[in-house]
Amino acid sequence: MTVPRALTIAGSDSGGGAGIQADLKTFQELGVFGMTAITAVTAQNTLGVQGVYPLSVEALKTQIQSIATDLNPHAIKTGMLFNAEMIQLVSEQVREYNWENLIVDPVMVAKGGQSLLLEEAVEALITSLLPLAKVITPNIPEAEVLTGMKIVTLDHKKAAAKKLHQLGAQHVIIKGGHDILGDTVSDLLYDGQYFEEFTGPRKETKHTHGTGCTYAAAITAEISKGRSVSEAVTTAKSFIQAAIEEELGFGSGHGPTNHWAFNKTRF
Ligand SMILES: Nc1ncnc2c1ncn2[C@@H]1O[C@H](COP(=O)(O)OP(=O)(O)OP(=O)(O)O)[C@@H](O)[C@H]1O
Ligand SMILES: Cc1ncc(COP(=O)(O)O)c(N)n1
């Protein structure tokens with residue numbers, strides 16, 4: 001039996017709700033062996049980001065090399081990439097190792113508003129990494145930055161998804177967490193031909209730290225098992241819905257989601 005294996009290239013969140021920690025917990029819950037290449041160490045809790053300590057480009061390069069030359073991941077996810085040099089390096093390595101199952105979560109700012117990607121790195125993300133992505137998972141503000149378009153209506157979302165596809169991403173998912181408030185939250189998937197919506201009930205809660213990381217990690221885990229993008233998003237939506245609904249409720253600010261809720265509801 002082949003053990004599905006996934007690599008996350010992202011920042012460490014000391015608070016455990018987002019970044020590398022959210023990715024590993026999600027991989028584990030979905031039965032996938034997780035590996036990591038860390039871009040930066042952050043000091044965070046539910047109140048915000050108290051420090052960002054990027055690693056050297058050399059340190060990132062060697063981590064990815066170690067994994068690529070021995071452990072053969074079936075899918076690769078990127079999260080916080082911090083600067084243009086790291087984006088350039090990851091793009092080169094994705095090409096060098098012929099990694100086709102690349103899921104790009106274009107992390108830009110944390111919930112509390114602190115920057116996790118330098119402004120001058122956005123161009124590198126668009127020109128170097130986006131064209132290599134099998135799936136890109138921006139939230140609405142990230143999709144606005146990447147496309148230069150204002151997104152309010154469903155038609156705007158569709159136009160932005162088309163533009164991101166034209167820029168080279170094979171599949172685009174524009175997430176609805178930041179949508180105008182309603183009873184439901186809808187994520188829009190575009191594969192270059194068809195649109196598909198994934199909709200669930202909106203939970204009124206402040207405990208949404210790491211929702212984006214967790215969702216993209218669940219998509220990555222399912223793709224590492226050989227699922228189609230649409231199948232992977234279906235599972236990921238159920239995973240994040242359970243993780244938000246069964247909230248853990250600790251921390252004085254934006255608390256983490258519940259990574260074990262999905263399996264608890266199934267068994
Ligand atoms: N209040 C909510 N209730 C139910 N589902 C939600 C809620 N908020 C976000 N989601 C879902 O969580 C996933 C992540 O969406 P969101 O738009 O919040 O991403 P994000 O902004 O990148 O996350 P993050 O806040 O971690 O940066 C999507 O599937 C979205 O539909
Ligand atoms: C290391 C790291 N990566 C990603 C996020 C985004 O998550 P959120 O927007 O929920 O704070 C984060 N806070 N920290």
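Throughout, numbering of the chain's residues begins at 1 and tracks the sequence. We count ligands from 1, going down the list as the structure has it; atoms in each ligand are counted the same way.
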So among R95, Q88, E123, which one has a side chain to side chain donor-acceptor pair (under 3.5 Å) with S128? Q88
Strictly distance-based, threshold 3.5 Å: is any side-chain N or O of Q63 a donor or acceptor partner for the main-chain N or O of I38?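 Side chain of Q63 to backbone of I38, a donor-acceptor pair under 3.5 Å: yes, one is there.
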Is it the case that the side chain of S186 and the backbone of G176 share a donor-acceptor pair, with hydrogens and angles ignored and the cut-off at 3.5 Å? no
Subset of ligand 2 atoms that lie under 4.0 Å from at least one heavy atom of [X]:
X    : value
H209 : 8 (P), 10 (O), 11 (O), 13 (N)
V109 : 9 (O)
A110 : 9 (O), 11 (O), 13 (N)

Kindly confirm or rule out an N or O of [X] lying under 3.5 angstrom from an N or O of ligand 2.
X    : result
K111 : yes
T42  : no
S12  : no
G210 : yes

Return yes when atom [atom1] of [X] has more than 12 non-hydrogen atoms of other residues, nucleotides or ligands closer than 6.0 Å, and no otherwise.
X    : atom1 : answer
Q28  : CD    : no
K162 : NZ    : no
Q50  : CD    : yes
F33  : CZ    : no

Once you restrict to heavy atoms under 4.0 Å, what part of [X] touches ligand 2? Side chain, backbone, both or neither.
X    : result
C213 : side chain
H254 : neither
A18  : side chain

Considering only non-hydrogen protein atoms, determine which one is nearest to [atom] and report residue, atom name and distance to 0.1 Å.
atom                    : value
atom 5 (C) of ligand 2  : L116 CD1, 3.5 Å
atom 14 (N) of ligand 2 : Q44 NE2, 2.8 Å
atom 1 (C) of ligand 2  : G11 O, 3.4 Å

Quick one: table the atom pairs, ligand 1 N or O against protein N or O, below 3.5 Å, distance rounded to 0.1 Å.
{"residue": "ligand 1", "atom": "1 (N)", "partner": "K203", "partner atom": "O", "Å": "2.9"}
{"residue": "ligand 1", "atom": "3 (N)", "partner": "K203", "partner atom": "N", "Å": "3.0"}
{"residue": "ligand 1", "atom": "17 (O)", "partner": "G177", "partner atom": "N", "Å": "2.9"}
{"residue": "ligand 1", "atom": "18 (O)", "partner": "T211", "partner atom": "OG1", "Å": "3.2"}
{"residue": "ligand 1", "atom": "21 (O)", "partner": "N139", "partner atom": "ND2", "Å": "2.9"}
{"residue": "ligand 1", "atom": "21 (O)", "partner": "H178", "partner atom": "NE2", "Å": "2.6"}
{"residue": "ligand 1", "atom": "22 (O)", "partner": "N139", "partner atom": "ND2", "Å": "3.4"}
{"residue": "ligand 1", "atom": "22 (O)", "partner": "K175", "partner atom": "NZ", "Å": "2.7"}
{"residue": "ligand 1", "atom": "23 (O)", "partner": "T211", "partner atom": "OG1", "Å": "3.0"}
{"residue": "ligand 1", "atom": "23 (O)", "partner": "G212", "partner atom": "N", "Å": "3.0"}
{"residue": "ligand 1", "atom": "25 (O)", "partner": "K111", "partner atom": "NZ", "Å": "2.0"}
{"residue": "ligand 1", "atom": "25 (O)", "partner": "T211", "partner atom": "OG1", "Å": "3.4"}
{"residue": "ligand 1", "atom": "26 (O)", "partner": "T211", "partner atom": "N", "Å": "3.1"}
{"residue": "ligand 1", "atom": "26 (O)", "partner": "T211", "partner atom": "OG1", "Å": "3.4"}
{"residue": "ligand 1", "atom": "26 (O)", "partner": "G212", "partner atom": "N", "Å": "2.8"}
{"residue": "ligand 1", "atom": "29 (O)", "partner": "D187", "partner atom": "OD2", "Å": "2.6"}
{"residue": "ligand 1", "atom": "31 (O)", "partner": "D187", "partner atom": "OD1", "Å": "2.9"}
{"residue": "ligand 1", "atom": "31 (O)", "partner": "D187", "partner atom": "OD2", "Å": "3.2"}
{"residue": "ligand 1", "atom": "31 (O)", "partner": "K237", "partner atom": "NZ", "Å": "2.7"}

Classify the side-chain pair N258/H207 by whether it contains a donor and acceptor separated by less than 3.5 Å.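 Not at all, the side chains of N258 and H207 share no donor-acceptor pair under 3.5 Å.
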Side chain to side chain donor-acceptor pair (under 3.5 Å) evaluation trace for E29 with N263: CA-CA 7 Å; E29 287 294 320; N263 282 327; 2.6 Å; yes
Which one of E196, K157, K237 satisfies the side chain to side chain contact (heavy atoms under 4.5 Å, CB included) criterion with D187?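 Single side chain to side chain contact (heavy atoms under 4.5 Å, CB included) partner of D187 among E196, K157, K237: K237.
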Could you check whether K158 makes a cation-pi contact with F195, meaning its NZ or CZ is under 6.0 Å from the centre of the six-membered ring and within 45° of the ring axis? yes
Parallel, tilted or perpendicular: which one describes the rings of F239 and H259, with boundaries at 30° and 60°? tilted
